[in-house]
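To start, the structure itself, in structure tokens.
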2 protein chains.
Amino acid sequence: MFSKACEYGIRASIYIASQSLEGTRVSLKEIAEKIDSPVAFTAKVLQQLSKNKIIESVKGSSGGFEISKNNILRIKLSQIVYAIDGNNVYEGCGLGLKRCNAKEPCPVHNRFVEIRAELKNMLESTTLYDMTMGLEQGLTYLRR
Amino acid sequence: MFSKACEYGIRASIYIASQSLEGTRVSLKEIAEKIDSPVAFTAKVLQQLSKNKIIESVKGSSGGFEISKNNILRIKLSQIVYAIDGNNVYEGCGLGLKRCNAKEPCPVHNRFVEIRAELKNMLESTTLYDMTMGLEQGLTYLRR
DNA sequence: ATTAAATCGGACAAAATTGTCCTAGTTTAT
DNA sequence: ATAAACTAGGACAATTTTGTCCGATTTAAT
């Protein structure tokens with residue numbers, strides 16, 4: 001569904017958010033450990049998220065990554081996905097046709113429209129805060 | 001959502017089905033033309049579908065691919081997807097965790113469960129026949 | 001029998017994705 | 001000032017996916 005890069009990006013964002021809520025900035029190394037991802041590859045993903053204003057990076061000693069409370073509340077899962085995977089998830093025909101729409105649909109167009117709409121709706125209504133909630137209470141996991 | 005291989009596989013199956021309903025067996029070359037896919041790559045996909053009894057291949061001159069009326073009615077989209085992409089679509093955590101279930105969920109597990117269930121339901125309730133219908137009437141397209 | 005039109009299947013090639021390494025900066029603390 | 005702990009980013013490597021090529025085999029028609 002999502003690329004590996006995107007999966008790491010979402011997991012990283014959630015971890016950074018949970019730590020930011022506690023008032024602590026986290027390093028790349030710590031993030032990679034906590035979400036069980038390859039360090040250098042995760043670095044690239046974080047750069048991308050940083051450029052897209054999803055997370056904030058602080059250089060230098062005692063630097064690291066963080067997200068402001070406001071952004072934790074505001075940022076939607078859809079924005080993270082878009083920053084890394086673009087709009088492939090929303091657009092894009094289920095059968096890979098370049099031009100596929102209500103007027104000139106592929107044989108499964110109508111069936112896919114509904115599901116895609118629900119997916120989109122879910123991604124757009126889930127905030128970083130929503131995803132962070134369970135973590136601190138030990139109800140959800142980022143590495144398994 | 002699906003791999004390229006799977007997209008080609010679904011489109012090819014639909015085209016073969018539509019031609020089989022007309023009583024004509026089709027060659028690899030014709031299929032690739034009609035669904036706008038790379039010939040040799042499509043050949044591999046068709047081999048896989050053939051091994052999985054989704055389509056029937058006939059060797060030799062005047063050979064090609066076909067699907068029996070019974071199978072056109074019986075075969076579900078889910079079977080085609082499974083034959084090529086395995087169960088990645090159904091199983092597999094949205095965030096890429098190996099172990100992610102109701103008891104030890106990732107932060108988006110519950111949100112994904114619903115969507116995945118609907119997708120599964122759609123794939124399992126759509127037959128090859130269903131997908132073939134619109135084609136002959138010029139209502140749907142396989143290459144665009 | 002020979003030829004032509006097919007699929008089959010192995011080996012290879014290209015492209016995209018995933019992952020690694022190393023150097024250059026930046027910032028804080030001493 | 002210097003060292004230590006960071007991120008930034010370019011270059012490269014490995015893996016997976018996608019795509020190609022070609023010889024072998026099968027079958028029908030002549």
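Residue numbers begin at 1 in each chain, while the letters A, B, ... track the order of the sequences.
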Measure the distance from [atom1] on [X] to [atom2] on [N] and round it to the nearest whole Å.
X       : N      : atom1 : atom2 : value
B:Arg25 : C:dA5  : CZ    : C1'   : 13 Å
A:Lys4  : C:dT20 : NZ    : C1'   : 17 Å
A:Glu56 : C:dT27 : CD    : P     : 15 Å
A:Arg11 : C:dT18 : CZ    : P     : 13 Å
B:Glu7  : D:dT18 : CD    : C1'   : 12 Å
B:Phe41 : D:dC21 : CZ    : P     : 15 Å

**Per-nucleotide protein contact string for nucleotides 3-9 of chain D, where B marks a base within reach and S marks sugar-phosphate only (heavy atoms under 4.0 Å, - for neither)** = -BBBSBB
**Asked** Distance-only, no hydrogens or angles: does the A:Gln79 side chain make a donor-acceptor pair with backbone N or O of A:Lys76 under 3.5 Å?
**Response** yes
**Prompt:** Would you call B:Val39 and B:Glu33 a side-chain contact if the rule is heavy atoms closer than 4.5 Å?
**Reply:** no
**Message:** Is any side-chain heavy atom of B:Glu114 closer than 4.5 Å to one of A:Glu118?
**Reply:** no
**Message:** Could you tell me if B:Arg144 sits above the aromatic ring of B:Tyr141, with its cationic atom closer than 6.0 Å to the ring centre and no more than 45 degrees from the axis?
**Reply:** yes
**Asked** In this structure, which one of B:Ile54, B:Leu128, B:Leu49, B:Leu73 forms a side chain to side chain contact (heavy atoms under 4.5 Å, CB included) with B:Ile67?
**Response** B:Leu128
**Request:** Look at A:Tyr8 and C:dG19 and indicate whether a side-chain polar atom (N or O) is within less than 4.0 Å of OP1 or OP2.
**Result:** yes
**Asked** If you group Ile, Leu, Val, Met, Phe, Trp and Tyr by side-chain heavy-atom gaps below 4.5 Å, do B:Met131 and B:Val89 land in one group?
**Response** yes
